[in-house]
Amino acid sequence: MANQPLEREHFGSKIGVIMASAGSAIGLGNIWKFPYEVGKNGGAAFIMVYLACILFIGLAIVIAEYVVGRRSGANAVGAFKKLAPRSLWWLVGMLGVLAAVTILSFYGVVAGWTFEYLFQASKNAFVGKSPDELNTMFNTFVSNPYRPLMWQLLFMLLTCGLIYSGVKKGIERYTEILMPLLFIVIILLAIRAVTLPGGGAGIRFLFHPDFSAINGDVVLSALGHAFFSLSLGLGAIITYGSYVSKSDNLTAISIEVVLLDTVIAIMAGVAIFPAVFAYGIEPSSGPSLVFKTLPNVFQQMPGGMLWGILFFFLLGVAALTSSVSLLEVVTAYVSEQLNIKRHLAIFLSALVITVIGVFCSLSQGPLSHVLIFKHNIFDLLDHLSANWMLPLGGMFTSLFVGWHMKKSDLEDELSNGGLLKVSALPLLRFVLRWLAPLGIFFVFLYNLGVI
Ligand code: TRP
């Protein structure tokens, strides 16, 4: 029975699928990682490459993952085993499970930081503090050996709780109200930010590309972040796809999710960069950027304390609906492939991930001297998973659907058995067979200095 899904449920409605998938896509990637990648990689030029990666590579692979998931009705590894028995394709799923473990280990740490900031906001701790003091506040917190661990543990427990209550019930309910609310708060923040004195420089940084800033590392980071932000390349969408009902339009769902995700990231950029420049914060500060910047903005808003509370609460929730999809990939694999009871699988998966996460957290303080290939543990896992594992997984998924899957099967899946028109099929197949895999391959070669 190893390949039989045990208790498979289906999302209630199309809107439920979109909400859950958008809940997975929209998270710390949009609001924490996107701004710091933009800041580190020179601004607008990075954004252009990022958008190109989404349009020419990401979108097609999102569709491909949904197809693999719904057609097989199985988890990331089981899906390949089912659609390509007696072959090595399942290794792609395995790479995905490893990537999910890696990502969630540092994701849980950052999500923990949002809890600390929610706590600080509710104590009104930002008020009256200068940008310098807020900077010190962050550094003191992350280098504390215990405090971040406590929040990380809480976050991982909440993630387990959500998965425990079932994917459908766990996510649909939470995203339907809170995600639109997050969107509104970001828009209001953006409006406040662009009207800050000196904020114009931030808008220039975001929208006036300096193409000389582009190099191999920038292109790889943009590609990697496109995958990270879309929750792509490790089988999360395969797993969610396996819960999508046969009557939903996979192409339409993919386009909607990709659009939502991209709009939110850009809006977050608009909310953050004017403030970065207005308060003289270093755009290339890295993972701390958002935490050092936004508390300055909250203070400038009427009812500042409430904005901080609302924002960090919603960011924490957005992180949860994303982490659920990561833990679901690992849990579905452990329970369905290794035949372990689902409850135990959740616990074991989360335990391993949390322990690795402890090292990520400590690498911001007590273990900051431990460098591997010039990166601390946190940056190494982030870099390795987002920039290498995800695009690699995506490349193989693209090849799988483009070359291994029969054209008629792909058509059947996209048209819901002939009910929908799929005029874009030739274009999609071209992208999956050639454009996306070759694009990723050349970015790898470029980055390795081969070309
Ligand atoms: N996309 C999420 C974010 O932007 C992170 C995430 C959730 C993810 N599930 C994933 C990234 C699967 C890669 C693969 O925060």
Side-chain angles (χ1 to χ4, degrees), residues 19-38 50 53-54 57-58 61-62 64-66 69 75-76 92-93 95-114 155-156 159 162-163 167 170-171 175 179 182 186 221-241 254 257-258 260-269 287 290 314-333 349 353 381-394 397:
M19 283 292 166
S21 305
S24 159
I26 297 165
L28 296 169
N30 305 61
I31 290 153
W32 158 76
K33 196 163 194 256
F34 178 72
Y36 99 64
E37 291 286 353
V38 170
Y50 171 73
C53 291
I54 295 223
I57 298 178
I61 306 182
V62 170
E65 276 203 26
Y66 273 123
N75 62 74
V92 181
L95 175 72
V97 174
L98 276 182
V101 169
T102 312
I103 291 179
L104 191 48
S105 68
F106 69 83
Y107 205 86
V109 173
V110 181
W113 298 350
T114 69
F155 178 81
M156 292 304 295
T159 305
L162 271 182
I163 298 242
V167 169
I171 319 164
T175 32
M179 219 161 37
L182 175 67
I186 292 176
S221 300
L223 178 71
H225 188 64
F227 276 84
F228 187 90
S229 194
L230 297 175
S231 294
L232 196 55
L234 58 70
I237 305 179
I238 294 182
T239 309
Y240 274 21
S254 305
V257 171
V258 168
L260 275 176
D261 186 69
T262 310
V263 169
I264 298 235
I266 303 280
M267 290 304 303
V290 173
L314 293 172
L315 186 54
V317 174
L320 265 177
T321 57
S322 297
S323 64
V324 160
S325 78
L326 289 161
L327 189 57
E328 177 62 22
V329 168
V330 187
T331 302
Y333 164 71
S349 313
I353 291 166
L381 296 191
D382 178 353
H383 195 78
L384 203 69
S385 55
N387 293 3
W388 295 95
M389 295 166 98
L390 298 182
L392 197 65
T397 308

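For ligands, and for the atoms within them, numbers begin at 1 and follow the listed sequence. What you see is a predicted model; the values in this text were computed from it and never measured.
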Under the ring pair (Phe, Tyr, Trp, His ring centres under 6.0 Å) test, residues paired with Tyr66 that sit two or more places apart: none

Is it true that Ser325 and Ser24 share a donor-acceptor pair across their side chains at a distance under 3.5 Å? yes

Is there side-chain contact between Asp382 and Lys33, with at least one heavy-atom pair below 4.5 Å? yes

Side chains of Val329 and Asn75 in contact at under 4.5 Å (non-hydrogen atoms): no

Ligand 1 polar-atom proximity to protein (N/O, under 3.5 Å):
from: ligand 1; atom 1: 1 (N); to: Ser24; atom 2: O; distance (Å): 3.3
from: ligand 1; atom 1: 1 (N); to: Ala25; atom 2: O; distance (Å): 3.0
from: ligand 1; atom 1: 1 (N); to: Phe228; atom 2: O; distance (Å): 2.8
from: ligand 1; atom 1: 1 (N); to: Ser229; atom 2: O; distance (Å): 3.2
from: ligand 1; atom 1: 1 (N); to: Ser231; atom 2: OG; distance (Å): 3.0
from: ligand 1; atom 1: 4 (O); to: Ala25; atom 2: O; distance (Å): 2.8
from: ligand 1; atom 1: 4 (O); to: Gly29; atom 2: N; distance (Å): 3.3
from: ligand 1; atom 1: 4 (O); to: Asn30; atom 2: OD1; distance (Å): 3.4
from: ligand 1; atom 1: 9 (N); to: Ser231; atom 2: OG; distance (Å): 3.2
from: ligand 1; atom 1: 9 (N); to: Ser325; atom 2: OG; distance (Å): 2.9
from: ligand 1; atom 1: 15 (O); to: Leu28; atom 2: N; distance (Å): 3.1
from: ligand 1; atom 1: 15 (O); to: Gly29; atom 2: N; distance (Å): 2.7
from: ligand 1; atom 1: 15 (O); to: Tyr107; atom 2: OH; distance (Å): 2.5

Would you name the heavy atoms of Pro391 and Gly224 that are closest together and state the gap between them? CG-CA, 4.2 Å

Knowing that exactly one of Val62, Ile266, Asn30 qualifies, which makes a side-chain contact (heavy atoms from CB on, under 4.5 Å) with Asp261? Asn30

